[in-house]
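Here the structure is laid out as structure tokens; the discussion comes afterwards.
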Amino acid sequence: METSFTLAEFRMAYAAGAFVRVTVRGHGSSFSIEGEMRDSRKIEGGRRGAVGQPAVLVMSRDRNKLRTFLNPAAALLLLRQSGVKRAEVQMANWEPEMTALSMRMRPDVTARRLRDRRIAEAAYYPDRAAETELVDRTDQLEKFRQAKYEQLCRLGG
């Protein structure tokens, strides 16, 4: 069973030496932070360090939601600010091509960029007809997700 930590709890646990290893793990289009807890039992010779249960970083307001990062550098920066000196990055399940499709933008920013692009194109190509169709990447993202889901089902995962 996984233990979940908010950022404040994670920082306190790390400072207390509760983790054997801290990992930034890629999955899909994002990364999450995980830690391997030390076993609280003492082992022969008084040494601690038997690997115990995994722990994950969750959102402060919703403990059921994993805290994710689109950019692994942001996760590493957060760990550095938390005092972590050594972290492992696992990218086996990270799919960077899915990141570009799933990036969220505010609708007003998207509309402004589209409008500015059309104005620039109209000025550069005065005899070309204006593009009237809006580009919607939602269908493209859904097709990609469906293909990945089917691929995972075929692999048995």
Side-chain angles (χ1 to χ4, degrees), residues 1-114 116-117 134-157:
M1 177 167 169
E2 283 184 338
T3 303
S4 61
F5 285 99
T6 64
L7 182 57
E9 294 167 344
F10 185 87
R11 285 178 173 161
M12 286 191 300
Y14 185 80
F19 297 112
V20 175
R21 178 180 309 132
V22 176
T23 305
V24 176
R25 187 178 310 274
H27 44 85
S29 64
S30 61
F31 289 84
S32 63
I33 296 175
E34 301 176 4
E36 287 185 40
M37 302 280 295
R38 288 192 190 277
D39 192 351
S40 60
R41 297 170 288 160
K42 297 270 186 179
I43 57 175
E44 291 178 15
R47 288 180 37 230
R48 293 178 64 199
V51 177
Q53 62 184 6
V56 294
L57 188 62
V58 295
M59 302 295 285
S60 296
R61 292 186 180 171
D62 185 2
R63 292 187 70 99
N64 295 322
K65 188 173 180 186
L66 196 63
R67 186 169 186 155
T68 59
F69 304 85
L70 289 178
N71 184 351
L76 292 170
L77 179 62
L78 181 76
L79 289 175
R80 183 172 184 239
Q81 291 169 344
S82 299
V84 176
K85 302 288 187 244
R86 180 179 217 157
E88 180 179 318
V89 178
Q90 293 187 1
M91 299 183 293
N93 296 323
W94 179 51
E95 299 181 26
E97 62 276 0
M98 196 168 166
T99 303
L101 293 173
S102 65
M103 288 183 63
R104 295 174 299 244
M105 291 187 73
R106 291 178 23 204
D108 60 329
V109 173
T110 304
R112 187 177 339 120
R113 285 185 181 170
L114 183 59
D116 293 346
R117 188 182 82 205
L134 291 175
V135 178
D136 184 14
R137 296 184 350 185
T138 308
D139 292 336
Q140 186 181 8
L141 175 62
E142 196 54 43
K143 286 179 186 176
F144 182 78
R145 286 183 179 161
Q146 185 64 30
K148 285 295 179 183
Y149 176 75
E150 290 171 359
Q151 181 183 12
L152 286 172
C153 289
R154 282 193 302 269
L155 294 173

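Just so you know, residue 1 is the first one in the sequence shown, and it goes up from there.
Put simply, CD on E36 and CZ on R21 are 4.5 Å apart, with the number rounded to the nearest 0.5 Å. Taking CG of L7 as the reference point, atom OG of S82 lies at 5.0 Å (rounded to 0.5 Å). In this structure, T6 OG1 and R61 CZ are separated by 13.0 Å, a value rounded to the nearest 0.5 Å.
Looking at heavy atoms from C-beta onward, I33 lies out of side-chain contact with V56 at the 4.5 angstrom threshold. In this structure, the side chains of L66 and L57 stay at 4.5 Å or more apart for every pair of heavy atoms.
Legend: residues meeting salt bridge (charged side-chain N to carboxylate O under 4.0 Å, His left out) with R80, ordered by chain and number and at least two apart, are absent. Taking K148 as the reference, E95, E97, F144, Q151 meet the side chain to side chain contact (heavy atoms under 4.5 Å, CB included) condition, with sequence neighbours excluded. By the side chain to side chain donor-acceptor pair (under 3.5 Å) test, Q81 is found to be paired with no residue, residues two or more places apart in sequence or in another chain being considered. Residues that satisfy the side chain to side chain donor-acceptor pair (under 3.5 Å) test with R67, not counting sequence neighbours, are absent from this structure. By the ring-ring contact (aromatic ring centres under 6.0 Å, His included) test, F19 is found to be paired with F5, F10, residues two or more places apart in sequence or in another chain being considered. Residues passing the side chain to side chain contact (heavy atoms under 4.5 Å, CB included) test with N64 are D62, sequence neighbours excluded. Every residue two or more places apart in sequence or in another chain that forms a side chain to side chain donor-acceptor pair (under 3.5 Å) with S32 is listed here: H27. With sequence neighbours left out, the side chain to side chain donor-acceptor pair (under 3.5 Å) criterion links E88 to Q90.
Here the shortest heavy-atom pairing between S29 and L70 reads O-CD2, 3.4 Å. Pairing each heavy atom of F31 with each of P72, the nearest pair is CE1-CD, 3.5 Å. Closest approach of V20 to R38, counting heavy atoms only: CG2-CG, 3.5 Å.
Residue pairs meeting the salt bridge (charged side-chain N to carboxylate O under 4.0 Å, His left out) criterion with at least one member in residues 3-17, sequence neighbours excluded, are E9-R63.
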CA sep, side-chain torsions, deciding dist, call: T3, Q53, side-chain hydrogen bond (donor to acceptor under 3.5 Å, both in side chains): CA-CA 7 Å; T3 303; Q53 62 184 6; 2.5 Å; yes

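With V24 as the partner, the side chain to side chain contact (heavy atoms under 4.5 Å, CB included) test is satisfied by one option alone out of L76, L78, V84: L76.
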